[in-house]
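Working notes, structure below.
Side-chain atoms are counted along with the backbone in the values below, which use heavy atoms only and exclude waters and symmetry mates. Bear in mind that the values here come from a model prediction, so they are computed numbers and not experimental data. The chains referred to below are lettered A, B, ... by the order of the sequence lines, with proteins before strands, and numbering in each begins at 1.
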Amino acid sequence: MKRIPPDDIDMLQHKVLSFYREHGRVYPWRKTTDRYAVMVSEIMLQQTQADRVVGKYLAWMERYPDPASLAASSLKEVLCLWSGLGYNARGERLQRAADIILRDFDGQVPGDPELLMTLPGIGPYTSRSIPVFADNMDIAAVDTNIRRILIVELGLDESTGPKQLMDVARAVLPAGRSREWHNALMDYGALVLTARRTGIRPVTRQSRFEGSRRWYRSRILRDLLEHDGGMTTEEISARYADCPYDLDGLLDELEKDRLIEQEALPDDGGVMVRVRA
DNA sequence: CTCCCGTCTT
DNA sequence: AAGACGGGAG
């Protein structure tokens, strides 16, 4: 791995932490050390601008203050509260995670990244960011912001892989200040070294939304959330006659994502589609 | 148009 | 390794 000169580390730490003291953003999830609350915020923040999460997060924590209340809820209500955040499967996975936490972890969100990784919706980044922000654990978590900062400030190649980035991130982490450091990096990346300003492209990108598959998916799901009894595939087909994609295949995908269920009606009455019970 | 405190599936 | 996945702000 590439060696980082100690002076460069000092410089970076000072620059980022100074900026944070001066211009750091204030968010509700930064005021708590409750692991469940941090988990909720981290899942919501995946691929989602922080400012757009605030209201949803507050409403969510009001309705689901702990894993037990979340696990006991209907999926429909979960998705209604999630609506507007995007990537609806995240909401379903979060509820499924709450279920597992209740069953296997005595209702307490685990603090070990290895255990967190086993929960649905929690991957390499989030499994580390939760202990970082909730427990101030001295480990590195690399998201798109932090990746960009390391590349720009330390002169790394843009093709640097996730493993090497982790090594570098660990090398520049100020011991004992993990939470502050990661918050500072987030803000420095979001407010100073933006993607636009640096020209560093994120690892993952997405295609145009309007008229896309996921655009129709989201509209269908929203319709189903409004129709308590569900809708038949007939009704859906009629409503989305303009959809260029195969609606049945689209519904199958929604079902695979555990968001909806399809039931064949008796006497060849078609297929009823509804939000999964 | 790009991108956002990524994860899951194939 | 590549593609799918929401929705809105900049």
Side-chain angles (χ1 to χ4, degrees), chain A residues 16 20 24-25 27-30 38-57 79-94 96-97 113 116-134 140-150 159 161-162 165-166 169 178-222 225 245 249-250 252-259:
Chain A
V16 171
Y20 185 56
R25 299 175 294 183
Y27 290 118
W29 49 86
R30 290 182 172 179
V38 171
M39 176 173 83
V40 170
S41 71
E42 286 302 312
I43 303 270
M44 287 184 170
L45 285 162
Q46 289 166 0
Q47 296 289 283
T48 308
Q49 266 110 326
D51 287 336
R52 218 150 52 72
V53 168
V54 175
K56 299 289 182 183
Y57 168 82
L79 293 178
C80 281
L81 265 84
W82 195 271
S83 179
L85 274 176
Y87 292 138
N88 299 296
R90 287 185 298 168
E92 188 278 332
R93 292 177 191 141
L94 181 51
R96 196 142 40 90
L116 286 166
M117 271 291 284
T118 68
L119 297 174
I122 296 185
Y125 170 74
T126 311
S127 66
R128 307 169 74 78
S129 70
I130 292 172
V132 162
F133 292 121
V142 179
D143 78 310
T144 186
N145 280 304
I146 298 177
R147 167 178 174 273
R148 208 166 49 239
I149 294 171
L150 296 179
S159 65
L165 282 172
M166 274 294 301
S178 186
R179 170 165 35 217
E180 178 190 9
W181 174 242
H182 283 88
N183 276 328
L185 284 171
M186 295 299 174
D187 291 357
Y188 193 67
L191 301 175
V192 182
L193 291 188
T194 60
R196 183 175 300 278
R197 202 171 309 180
T198 61
I200 310 277
R201 326 269 294 172
V203 177
T204 59
R205 283 184 266 168
Q206 61 272 290
S207 48
R208 166 190 196 76
F209 177 53
E210 173 118 15
S212 68
R213 269 180 67 91
R214 43 192 217 288
W215 186 69
Y216 281 100
R217 268 178 60 120
S218 71
R219 290 183 53 182
I220 291 171
L221 185 62
R222 217 176 313 172
L225 287 173
Y245 307 99
L250 214 144
D252 287 345
E253 292 300 315
L254 281 167
E255 185 170 47
K256 224 181 291 184
D257 283 344
R258 300 166 172 261
L259 296 174

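- OP1 or OP2 of B:dC4 has at least one side-chain nitrogen or oxygen of A:Thr144 nearer than 4.0 Å.
- Using a 4.0 Å heavy-atom criterion, one finds that A:Ser212 contacts no nucleic acid atom at all.
- Taking all atoms of both residues into account, the shortest heavy-atom contact from A:Ile43 to A:Arg90 is O-NH1, 2.9 Å.
- In this entry the distance linking NZ of A:Lys56 with C1' of C:dG7 reads 10 Å, nearest Å.
- Counting atom types as modelled, A:Gln206 pairs a side-chain N or O with a base atom of B:dC4 as donor and acceptor under 3.5 Å.
- Atom CD of A:Glu42 sits about 5.5 Å away from atom CZ of A:Phe133, to the nearest 0.5 Å.
- Note that the CG atom of A:Asp257 and the OH atom of A:Tyr87 stand 12.5 Å from one another [nearest 0.5 Å].
- Side chain of A:Arg217, nearest nucleotide from C:dC5, B:dG6, B:dC4: C:dC5.
- Side chain of A:Pro202, nearest nucleotide from B:dC4, B:dG6, C:dG6: B:dC4.
- The CG atom of A:Leu193 lies 12.0 Å from the CG atom of A:Asp187; values are rounded to the nearest 0.5 Å.
- No engagement by A:Arg219 is indicated, since no non-hydrogen atom pair under 4.0 Å with the nucleic acid exists.
- Remark: B:dC5 base-pairs with no nucleotide in the shown strands. Criterion, Watson-Crick or G-U wobble with two distances under 3.5 Å.
- Evaluation of atom-type donor-acceptor distances gives a pair under 3.5 Å for the side chain of A:Arg214 against the base of C:dG6.
- Remark: C1' of C:dA4 and CZ of A:Phe209 are 13 Å apart, rounded to the nearest angstrom.
- The nearest heavy atom of DNA chain B to A:Arg93 and to A:Ser207 marks one nucleotide each, and the one closer to the 5' end goes with A:Ser207.
- Note: CD1 (A:Ile200) to P (B:dC3) measures 11 Å, nearest angstrom.
- Look at the C1' atom in both C:dG7 and B:dT9: the space between them is 22 Å, to the nearest Å.
- Residue A:Trp29 is in base contact, counting any heavy-atom pair closer than 4.0 Å across all strands shown.
- Aromatic pair A:Tyr57/A:Trp29: ring centres closer than 6.0 Å.
- Comparing B:dC8, B:dG6, B:dC1 by their closest approach to the side chain of A:Tyr87 singles out B:dG6.
- One cannot find a donor-acceptor pair under 3.5 Å joining the base of C:dG8 and the side-chain atoms of A:Thr48.
- Per the geometry, OH belonging to A:Tyr125 stands 12 Å off P belonging to B:dC4, to the nearest Å.
- In this structure, A:Arg205 atom CZ and C:dA1 atom P are separated by 17 Å, rounded to whole Å.
- Closest contact between the side chain of A:Tyr27 and the listed nucleotides C:dG7, B:dC5, B:dT7 involves B:dC5.
- For the P atoms, the distance from B:dT7 to C:dG8 is 23 Å, rounded to whole Å.
- Heavy-atom distances to DNA chain C give each of A:Arg196 and A:Leu85 a nearest nucleotide, and the one nearer the 5′ end belongs to A:Leu85.
- Evaluation of atom-type donor-acceptor distances gives no pair under 3.5 Å for the side chain of A:Thr126 against the base of B:dG6.
- Relative to the side chain of A:Leu45, the nucleotides B:dC5, C:dG7, B:dG6 differ in distance, and B:dC5 lies closest.
- A:Leu116 has its CG atom 11 Å from the P atom of B:dT7, to the nearest Å.
- The residue A:Ser129 sits apart from the nucleic acid: no heavy atom pair falls under 4.0 Å.
- For A:Asn88 and B:dG6, the CG to P distance is 17 Å, given to the nearest whole Å.
- Taking the ring axis of A:Trp215 as reference, the NZ or CZ atom of A:Arg219 stays within 45° of it and closer than 6.0 Å to the ring centre.
- Residue A:Arg222 places at least one side-chain N or O closer than 4.0 Å to OP1 or OP2 of C:dG7.
- The gap from the P atom of B:dC5 to that of C:dG3 amounts to 25 Å, rounded to the nearest Å.
- Rounded to an integer number of Å, the gap from OH of A:Tyr216 to C1' of C:dG7 is 16 Å.
- When distances are taken from the side chain of A:Ala195 to each of B:dC5, B:dT2, B:dC4, the shortest belongs to B:dC4.
- With B:dG6, B:dC8, B:dC3 as the choices, the nucleotide that has an atom nearest any side-chain atom of A:Gln49 turns out to be B:dC3.
- Proximity of a side-chain donor or acceptor of A:His182 to a complementary backbone N or O of A:Ala141 within less than 3.5 Å is detected.
- A:Gly123 comes within 4.0 angstrom of sugar-phosphate atoms only, judged by non-hydrogen atoms across all strands, and of no base.
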